[in-house]
Amino acid sequence: MRIHHDKHHAAYIDNLNKALSDFPDLNSQSIESLIKNLDTLPEKCKTAIRNHGGGHLNHTFFWNILTPNHGQKPEGELHVALIKTFGSLDDFYTQFETSGLTRFGSGWAWLVVNTQKGLEIVSTANQDNPLSEEKTPILGVDVWEHAYYLKYQNKRAEYLKQIWNVINYRQIEENFLKALS
Ligand code: MN3
C-alpha cells in the first residue's frame with residue numbers, strides 16, 4: 001500500500017501536473033469535473049488527463065474507502081439498497097469480485113449509483129472512471145497488478161476476497177447518500 005501510494009499514485013500526480021502546465025484554465029477545475037467532461041478537453045492533453053488525471057482521481061477515492069478498522073459491514077440505507085439490488089450481501093460480494101476478476105488486464109471494479117439512482121456494479125479499463133459514463137462511484141477497487149502483486153502475487157481472486165476486511169463502509173454510506181441527493 002505504501003509503494004502504491006508513494007510511488008504509483010505520486011507518478012500520476014506528477015504526470016497530470018505536467019500535462020496541465022500548458023493549460024492554466026484547466027488547472028482551476030476540479031479533477032472530477034475534468035474526468036466528467038473528457039470529451040470537451042483539448043486533444044493535446046485529453047489522453048494524459050484521462051490516464052494520469054484518472055489515476056489521481058481513482059487512487060484518491062480508493063484510499064478514502066479503505067480503513068485499518070477491520071471487518072466493517074454495510075448499514076442503514078446502503079444495506080437496504082444492496083439487499084434490494086443484489087439479493088444478499090454474499091451475492092453482492094460475489095458479483096463485485098467477478099467484475100474485478102474478469103477485467104482483462106488493468107482496471108477497476110466499481111459499485112456505482114446510476115442516473116436512475118440505482119446501484120450497479122461496473123468495471124473500467126486502465127484509469128477510466130465511471131464519472132465519464134455519468135455514473136457516480138461509491139466504492140472502487142484497483143485491480144491493476146501493482147495493487148496486489150507484492151502480497152498476493154498473481155492471485156487477484158484472493159486479493160479481492162481479502163479487500164472486504166479493510167473496506168470503510170461508513171465512507172461508502174456517505175458516498176451513497178451524497179450520490180442520491
Ligand atoms: Mn493503482
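Remember, it's 1-based here, ligands and their atoms both numbered in the order they're listed. Sequential numbering from 1 along the given sequence is applied to the chain's residues.
Angle OD2(D142) to the Mn ion (ligand 1) to NE2(H146), rounded to 10°: 120°.
At a cut-off of 2.8 Å, H9 is not counted among the residues with an N, O or S atom near the Mn ion (ligand 1). Metal site remark for the Mn ion (ligand 1): H59 contributes an N, O or S atom at a distance under 2.8 Å.
Between F61 and W108, the ring center distance fails the sub-6.0 Å criterion. For H4 and W63, the gap between ring centers is short of 6.0 Å.
Neither side chain, Q95 nor D91, offers a donor N or O lying under 3.5 Å from an acceptor on the other. No hydrogens or angles considered: nothing links the side chains of W110 and E120 as a donor-acceptor pair under 3.5 Å.
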